[in-house]
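One structure is given here, and the rest of the page talks about it.
These numbers come from the heavy atoms of this one structure, side chains and all, not from hydrogens, waters or symmetry mates. Numbering of ligands and ligand atoms starts at 1, following listing order.
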Amino acid sequence: MNVMNVDLHCHSTVSDGLLTPAAVVERAKANGVDLLALTDHDEIGGLDEARTTAEALGIRFVNGTEISVSWGDDQTVHIVGLNFDHRHPELVAGLGRVRGGRDARAGRIAAELAKVGIDDAYAGALRHAGNPALISRSHFARYIVERGFARDVKTVFDHWLAKGKPGYVSHPWAELAEALGWIKAAGGVAVIAHPGRYRLTPAERRELFVAFKEMGGQGIEVISGSHTDTEVREFAGIAREFDFLVSRASDFHGPGESYIDLGRMAALPPDLKTVWAEWL
Ligand code: AMP
Ligand code: MN
Ligand code: MN
Ligand code: MN
């Protein structure tokens, strides 16, 4: 059967990816992706460049973003918005507000890292950020690797940046209802990103799905670069139970720094209804 190769989650230098928006689209094309969304964290600044490149290369493109949301007791969940009007004022203002907190947060992360002997981390992380408005933990991780404190970014998260580690600071992101409201106002579809990655108990995870559904959320990433086969089966079951549309997502950040390359994920179980079915 000839299934479309769809990848609706990846990052560029406009957030914490390693490739420019144009280079992401070129790589997706080379990997055989037919339909792509660029989903930079709390950002839409790369969408015009990505779309222009996609049109030139003959690959289908939809707008995307991955919104940081505070959930429960100091948890962060990510909500992907897809196929929206990226000029809609409510979405533009909402994302601007979420991004606006990142610079001060970076200052607090740097202060915590200094206490454990990692100096100059604010300036160092900023040098790795392609977009000064979007300084993220990934940029700190790259700086810490560059300084020789760890061999790769994964190790940096394990030792310094993950929740509970010395360089972690708590931060208020968007509320779930706000993020869903912005996506809806701009005509898009909201999707729960990589549900397997949250450190939630099964009961807490279910609470997230219930709240998301009640607030009008429609989709879930069943295939994600970070999901095991067991997780794929689990979230396919959740999609059937909650009647969610399903998405397929690499969460690609760059060569050598990702679970999987653009478009190289497994296929979705064929009985599920895809988020993109109505766009084609
Ligand atoms: P931030 O939005 O600044 O909190 O940064 C979150 C980003 O850090 C995620 O989107 C991932 O790209 C990256 N990240 C989070 N946890 C890990 C991890 N354990 N290993 C590698 N990268 C991670
Ligand atoms: Mn990221
Ligand atoms: Mn994410
Ligand atoms: Mn992502």
Atom 6 (C) of ligand 1: the protein heavy-atom neighbour that sits closest, reported with distance to 0.1 Å: R137 NH2, 3.8 Å

Candidates I192, V191, T65 - the one meeting side-chain contact (heavy atoms from CB on, under 4.5 Å) with I79: I192

To which protein heavy atom is atom 18 (C) of ligand 1 closest, and what is the distance rounded to 0.1 Å? F157 CG, 3.4 Å

Report the relative orientation of the aromatic rings in H194 and H9; use parallel for angles under 30°, tilted for 30 to 60°, perpendicular for over 60°. tilted

Which atom, among the N/O/S set of H253, is closest to the Mn ion (ligand 2)? NE2

Heavy-atom contacts under 4.0 Å between K163 and ligand 1: side chain, backbone, both, or neither? neither

According to the interplanar angle, ranging from 0 to 90°, do the rings of H253 and H41 count as parallel (below 30°), tilted (30 to 60°) or perpendicular (above 60°)? tilted

Determine whether the side chain, the backbone, both or neither of T76 has a heavy atom under 4.0 Å from any heavy atom of ligand 1. neither

Considering only N, O or S atoms of D16, the one closest to the Mn ion (ligand 2): OD2

Does a side-chain N-to-carboxylate-O contact under 4.0 Å join K273 and E278? yes

Please determine whether a side-chain nitrogen of the Lys or Arg among K154 and D158 lies less than 4.0 Å from a carboxylate oxygen of the Asp or Glu. yes

Just say parallel, tilted or perpendicular for the rings of H171 and W173, cut-offs at 30° and 60°. perpendicular

for atom 2 (O) of ligand 1, nearest protein heavy atom and its distance come out as R102 NH2, 2.9 Å

How close do L161 and R137 get, heavy atom to heavy atom, and via which atoms? O-NH1, 3.0 Å

Under 2.8 Å from the Mn ion (ligand 3) - protein N/O/S, by chain and number: E66 OE2, H78 ND1, H194 NE2

